[in-house]
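Atom set for the values below is all heavy atoms of this structure, side chains included, hydrogens, waters and symmetry mates excluded. Values in this document were obtained by computation on a predicted structure and should not be read as measured data.
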Amino acid sequence: RVRITRVFQIGAYEVTQEQWEAVMSSNPSYSRGATRPVERASWNEVQEFLRRLNARSDGFRYRLPTEAEWEYAARAGSVDRYSGAAALQDVAWDYTNSGGETHPAGQKQPNAWGLYDTLGNVYEWCQDWFDETYYAASPQDDPAGPASGSYRVIRGGSWVLNPSFVRVSSRLRFPPADGYAGIGFRCAREVAASSCAAPAITAQPTGQSILTVTASGTAPLSYQWYEG
């Protein structure tokens, strides 16, 4: 068992294609749609997205969640395989109900803490290197994953999978230089160390805040956050 002791925020939704385009001026996705999750972006390309987002210097530091943070937020206090949902299809798009494509973010029921699509739709990149046995000897508090590896962690399942593989506890790996139509991501963020004016965040799941991503000539794009 691990514990999350550090305050962080995590996106209530997977990053959408319109949000990706506002920062990167491109769209690698297979299933196109402005409010669908961006996919086929490699872990390395996601790091460039985050670098550009952080260059805006809005008082936060954006990053991928660690695997431990992702599971903490996805479980939302539950211990069952579907984050408290009565049936997988209530909260997830998988092979049986997706119609062979992704769907706009937030159409299924959220988990108990207000996060959408933590199961199904697209897998989500985590920050960590993958090691199948890492948690057998990892730090108990805020584990950050192995120091090195060949693959990065993906979590949550996707629209291409049989329902038996779409569960909170499922861990998979993927090469960081490769993208895939079943893999996207959601952002985590924390107050930047250099910021004195950034809004305070609390240690309890008390609500949401808004990030506005604006590209030249486009409307602001709202992104809701869970505080944990």
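Using a 4.0 Å cut-off between charged side-chain N and carboxylate O, R186 and E124 make a salt bridge.
Note: F185 and F49 have perpendicular aromatic rings, judged against thresholds of 30 and 60 degrees for the angle between ring planes. The aromatic rings of H103 and W93 sit parallel, their planes meeting at an angle under 30°, below the 60° perpendicular limit.
Under a 3.5 Å cut-off, the side chain of W20 and the backbone N or O of S29 do not form any donor-acceptor pair. Between the side chain of R40 and the main chain of P28, a donor-acceptor pair closer than 3.5 Å is present. Remark: side-chain polar atoms of S78 are paired, donor with acceptor, to backbone N or O of R75 under 3.5 angstrom. Using a distance-only test at 3.5 Å, with no hydrogens or angles considered, a donor-acceptor pair links the side chain of R32 to the main chain of N27.
The number of heavy atoms from other shown groups lying within 6.0 Å of OH (Y151) does not exceed 12. No more than 12 heavy atoms of other residues, nucleotides or ligands shown are found within 6.0 angstrom of CD on E132. Environment of OH in Y135: crowded, with over 12 heavy atoms of neighbouring residues, nucleotides or ligands closer than 6.0 Å.
Residues passing the salt bridge (Lys or Arg N to Asp or Glu O under 4.0 Å) test with D142 are R6, sequence neighbours excluded. Checked against side chain to side chain donor-acceptor pair (under 3.5 Å), R63 has the following partners two or more places apart in sequence or in another chain: E69, E190.
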Y82 vs L88, side chain to side chain contact (heavy atoms under 4.5 Å, CB included): CA-CA, chis, key distance, verdict: CA-CA 6 Å; Y82 302 144; L88 177 62; 3.8 Å; yes
Worked verdict on R36 versus Q17 for side chain to side chain donor-acceptor pair (under 3.5 Å): CA-CA 6 Å; R36 298 185 189 209; Q17 293 173 35; over 6 Å; no
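D94 and Q89 share a donor-acceptor pair across their side chains, judged by distance under 3.5 Å alone. Side-chain atoms of E101 and W159 include no donor-acceptor pair closer than 3.5 Å.
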